[in-house]
Enquirer: 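What follows is a single structure, and I will ask about it in a moment.
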Number of protein chains: 2
Amino acid sequence: MNSPDKKIVGAWTSLVKAQSTVRCEIDAALKKAGLPALEWYDVLWALERGEKDGVRPFQLQSQLLLPQYSVSRLLDRLIGAGLVECRNCEQDGRGQVAIITEAGIAMRARMWPVYGAAIQRALGDNITARQAQTLIDVLEKITAPARGTRAGR
Amino acid sequence: MNSPDKKIVGAWTSLVKAQSTVRCEIDAALKKAGLPALEWYDVLWALERGEKDGVRPFQLQSQLLLPQYSVSRLLDRLIGAGLVECRNCEQDGRGQVAIITEAGIAMRARMWPVYGAAIQRALGDNITARQAQTLIDVLEKITAPARGTRAGR
DNA sequence: CCCATATACATGCATGTGCATTGAAAAGGA
DNA sequence: TCCTTTTCAATGCACATGCATGTATATGGG
């Protein structure tokens, strides 16, 4: 019952393998360069392009698709490394705002060339821009399903 | 230098988000059904369709794209749960062979409907078979790059 | 045959993650 | 206003992971 079509299963398998392949390349490149892991980059980048007076942890949570405690601890470590600062939120006594430091900005700037080069090697050297666009178009359907198309609606 | 094209970066982002979305759906479904996590399924499935006289851990390692110690401990847990058996390899004194038990076969059979249904919901309900094929075609280029196309060759 | 090196797998230790819970403040209703 | 419910975030505890290393066997050169 509701067992998916073979092609759909194949697509899922390909998705997993491709993601894993690229991810390994990136992780290895960052490690080899003595840089922090990709998760740190994601946080730094989210903070850098977010409101400059700070981003709330729960916003990071939804942007990065991470569980709440994971964001909490990730911020702990980034703060410990001096890449992020945390202040009490003025509008909400329960909340915090995370702000990227100068060191954090510098670190992200150091990470990007390594990260970007790894993406290029793993992805850019193997697919065309046109294929990339195709990928984006199809994958977005998964991430943001069209309204009214899902079962049960 | 070697910083990738915007579309390539976009494709990587989409890839991560899509994989994460589907994966969450699957994890949640398995957990809700009180079943083991996806990694266990992968091992069980690899063993079930592999040689019935056993699969070597290092083979699992390359098939599942997992680090060596990860396979070692994953097998520990599966053995502890009675889903897998391990014997000394006769051809190689250093080695082991992992064999799926009846209970393991039964467990995989219980997991598949839940797993499959989750794939269907997250993927099958959102893309067509044709789009799935497109996805497979492009993603395979990433996983298994064509010879002579990589930089440096 | 002996030795150096490579391969298969396990494991101690530090670190990271998941789950459940807690504490605190905000929001909403009577 | 008071009280209940909801939301934001931190944390204790058990478990999983990563790294480095250890142990054992195989392999290849001399």
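The structure displayed is predicted, hence computed values, not measured ones. All chains are named by letter (A, B, ...) in the order of the sequence lines, taking the proteins before the strands, and each is independently numbered beginning at 1.
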Enquirer: Taking any heavy-atom pair under 4.0 Å as a contact, classify A:Ser70: base, sugar-phosphate, or nothing.
Expert: nothing
Enquirer: Show the numbers, then the answer: is there a salt bridge (Lys or Arg N to Asp or Glu O under 4.0 Å) between A:Arg23 and A:Glu25?
Expert: CA-CA 5 Å; A:Arg23 181 68 200 247; A:Glu25 178 84 34; over 6 Å; no
Enquirer: Above 12 or not: heavy atoms from other molecules or residues under 6.0 Å from CZ of A:Arg130?
Expert: no
Enquirer: Is there a path of hydrophobic side-chain contacts, each under 4.5 Å between heavy atoms of I/L/V/M/F/W/Y residues, joining B:Val84 to B:Phe58?
Expert: no
Enquirer: Output yes when at least one side-chain N/O atom of A:Tyr69 is less than 4.0 Å from OP1 or OP2 of C:dG18, else no.
Expert: yes
Enquirer: In the single-linkage hydrophobic clustering (I, L, V, M, F, W, Y; side-chain heavy atoms under 4.5 Å), do A:Leu123 and B:Ile136 co-cluster?
Expert: no
Enquirer: Is there a side-chain contact between B:Ser72 and the phosphate of C:dA10, meaning an N or O under 4.0 Å from OP1 or OP2?
Expert: yes
Enquirer: Rounded to the nearest Å, what distance is computed from the CG atom of residue B:Asn88 to the C1' atom of nucleotide D:dA24?
Expert: 12 Å
Enquirer: Among C:dA20, D:dA9, C:dA8, which nucleotide has an atom closest to any side-chain atom of A:Gln96?
Expert: D:dA9
Enquirer: Please give, in whole Å, the distance from C:dA26 P to A:Glu90 CD?
Expert: 13 Å
Enquirer: Where each residue is assigned the nucleotide of DNA chain C containing its nearest heavy atom, which of A:Glu39 and A:Asp92 is assigned the position nearer the 5′ end?
Expert: A:Glu39
Enquirer: Group every Ile, Leu, Val, Met, Phe, Trp and Tyr by side-chain heavy-atom contacts under 4.5 Å, then state whether A:Trp12 and A:Leu65 land in the same group.
Expert: no
Enquirer: Does a donor on one side chain sit under 3.5 Å from an acceptor on the other, for A:Tyr115 and A:Trp45?
Expert: no
Enquirer: Measure from the side-chain N and O atoms of B:Thr13 to the backbone N and O of B:Val9, and report whether any donor-acceptor pair falls under 3.5 Å.
Expert: yes
Enquirer: If two hydrophobic side chains count as joined below 4.5 Å and joins carry through other members, does B:Val71 share a cluster with B:Val97?
Expert: no
Enquirer: At a heavy-atom distance below 4.0 Å, what parts of residues 48-67 of chain B sit against DNA chain C?
Expert: B:Arg56, B:Pro57, B:Phe58
Enquirer: Among residues 73-84 of chain A, which ones have heavy-atom contacts with DNA chain C below 4.0 Å?
Expert: A:Arg73, A:Arg77
Enquirer: Backbone N or O of B:Glu140 within a donor-acceptor pair of the B:Thr143 side chain at under 3.5 Å?
Expert: no
Enquirer: Taking the nucleotide of DNA chain C with the closest heavy atom to each, which residue, A:Trp40 or A:Arg94, is nearer the 5' end?
Expert: A:Trp40
Enquirer: Could you check which of C:dT11, D:dA10, D:dC8 has an atom nearest any side-chain atom of A:Gln68?
Expert: D:dA10
